[in-house]
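All of these numbers come straight from a predicted model, not from anything done at the bench. Sequential numbering from 1 along the given sequence is applied to the chain's residues. Only heavy atoms go into these numbers, but all of them, side chains included; no hydrogens, no water, no symmetry mates.
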Amino acid sequence: MAAAQGKFSDQPDHSDQSDGNGGTGGTGQEPVPPAFRRAVDGLTSARLRPEIEIDPTRPPQRLAPFAYALEAAVVADGEDLADGRLVLLHDPAGHEAWQGNFRLVTLVRAELEPEMAADPLLPEVCWSWLTGALEARGLGYGEASGTVTQAGSHYFGGLADRRPASQIEIRASWTPQEVLGGAPDSASHLAAWCDLLCQIGGLPPSPLGHTEDGTGSAPGAGVVSLPQRRGPQQA
């Protein structure tokens, strides 16, 4: 099982700024709110599927007073099947567009077989994987929004021997329900996001089980993954 580990401090100095190992993304002058600290602790302690390789990364600086970011890849048999980034944002004063104090923002991408990318229902299916992953773990959320983008590449000249490549990309954000002392159940939201990563990477669903706090069920029922997935081609 993988767990994200990163530097995090509640001291009002430069250790509160992004240093490439995770951080608040704030000015370095504000004390870290306890709710945000609990949410980050949930992200760094979550137990995930062994195919997930996850690390903290530099968070954005201007989206919210406090931010923490993770990047992850799905790796099976030495092959990268999907990758993505998850950012936790926090505004103690609340944010009108979020309808809450926290927001999760994500980018997920993977390569597909061209015939699968031609399926006109693929964008709707991929979006349902995100909402389904959250709902399967019994997670409350609101104000979900995002895009599903398909792109294709054809190779010519010295690269003509390569097969055409198609990529699917999900950009999304949602407001997690605040349940733990004003903080969301960030460990379960991270686990649901990793379920999405694995699904878009073509891995079978994990066995049914329970979330980190012992409630809800893991995804697996009524969910269909895309078959015949291959990892990103090397340049």
Side-chain angles (χ1 to χ4, degrees), residues 1-6 22 42-58 68-88 104-117 119 122-123 125-137 139 146-153 163 165-174 186-209 211-212 217-235:
M1 295 290 184
Q5 300 294 332
L43 293 178
T44 58
S45 62
R47 306 296 293 176
L48 308 172
R49 288 181 60 162
E51 298 92 345
I52 296 290
E53 296 185 358
I54 190 165
D55 289 292
T57 189
R58 182 179 296 276
Y68 190 87
L70 295 167
E71 58 185 6
V74 179
V75 181
D77 299 324
E79 184 178 31
D80 289 349
L81 302 179
D83 61 72
R85 189 176 193 229
L86 183 69
V87 180
L88 173 71
L104 285 162
V105 182
T106 184
L107 164 66
V108 172
R109 57 195 175 192
E111 290 207 8
L112 308 174
E113 293 294 337
E115 57 271 22
M116 297 176 189
D119 186 343
L122 183 63
V125 171
C126 288
W127 181 256
S128 73
W129 288 347
L130 170 62
T131 57
L134 296 169
E135 292 163 4
R137 289 185 176 268
L139 294 170
T147 62
V148 177
T149 304
Q150 296 172 245
S153 298
R163 298 177 60 187
S166 297
Q167 186 179 74
I168 192 78
E169 180 181 276
I170 303 173
R171 293 178 180 268
S173 63
W174 66 94
S186 55
S188 292
H189 279 272
L190 174 58
W193 179 71
C194 288
D195 293 334
L196 170 65
L197 264 182
C198 290
Q199 190 162 16
I200 199 173
L203 293 184
S206 59
L208 290 177
T211 58
E212 297 296 323
S217 60
V223 176
V224 179
S225 299
L226 289 180
Q228 303 175 16
R229 186 65 46 79
R230 69 171 185 272
Q233 297 186 23
Q234 299 298 317

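Among residues two or more places apart in sequence or in another chain, the salt bridge (Lys or Arg N to Asp or Glu O under 4.0 Å) test is passed with E71 by none. A search for side chain to side chain contact (heavy atoms under 4.5 Å, CB included) contacts involving T106 returns L86, V108, A172, W174, W193, not counting sequence neighbours. Remark: R109 pairs with D83 by the side chain to side chain donor-acceptor pair (under 3.5 Å) rule, at least two apart or across chains. Every residue two or more places apart in sequence or in another chain that forms a side chain to side chain contact (heavy atoms under 4.5 Å, CB included) with V75 is listed here: E53, A73, D80.
T149 places none of its side-chain heavy atoms less than 4.5 Å from the side chain of R171. Looking at heavy atoms from C-beta onward, D195 lies in side-chain contact with R137 at the 4.5 angstrom threshold. Residues E51 and L81 fail the side-chain proximity criterion, which asks for heavy atoms closer than 4.5 Å.
From L130, atom CG reaches atom CD of E135 across 9.0 Å, with rounding to the nearest 0.5 Å. Here the straight-line distance linking atom CG of L104 with atom OH of Y68 works out to 13.5 Å at 0.5 Å rounding. The CG atom of L43 sits 10.0 Å away from the NE2 atom of H189 when rounded to the nearest 0.5 Å. Interatomic distance, CZ of R85 versus OG1 of T57, reported as 5.0 Å (0.5 Å rounding). We find the OG-CG distance between S166 and L122 to be 9.5 Å, quoted to the nearest 0.5 Å.
For the pair L48 and C194, the tightest heavy-atom approach, listed with the atom from each and the gap, is CD1-SG, 3.8 Å. For the residue pair G201 and A82, the shortest heavy atom distance occurs at CA-CB, 3.9 Å. Of all non-hydrogen atoms in L197 and G84, the two that sit nearest each other are CD2-N, 4.0 Å. Scanning all heavy atoms of the two residues, the minimum distance from A69 to V87 falls at CB-CG2, 4.0 Å.
The side-chain contact (heavy atoms from CB on, under 4.5 Å) test with L190 is passed by exactly one of L88, I54, T44: I54.
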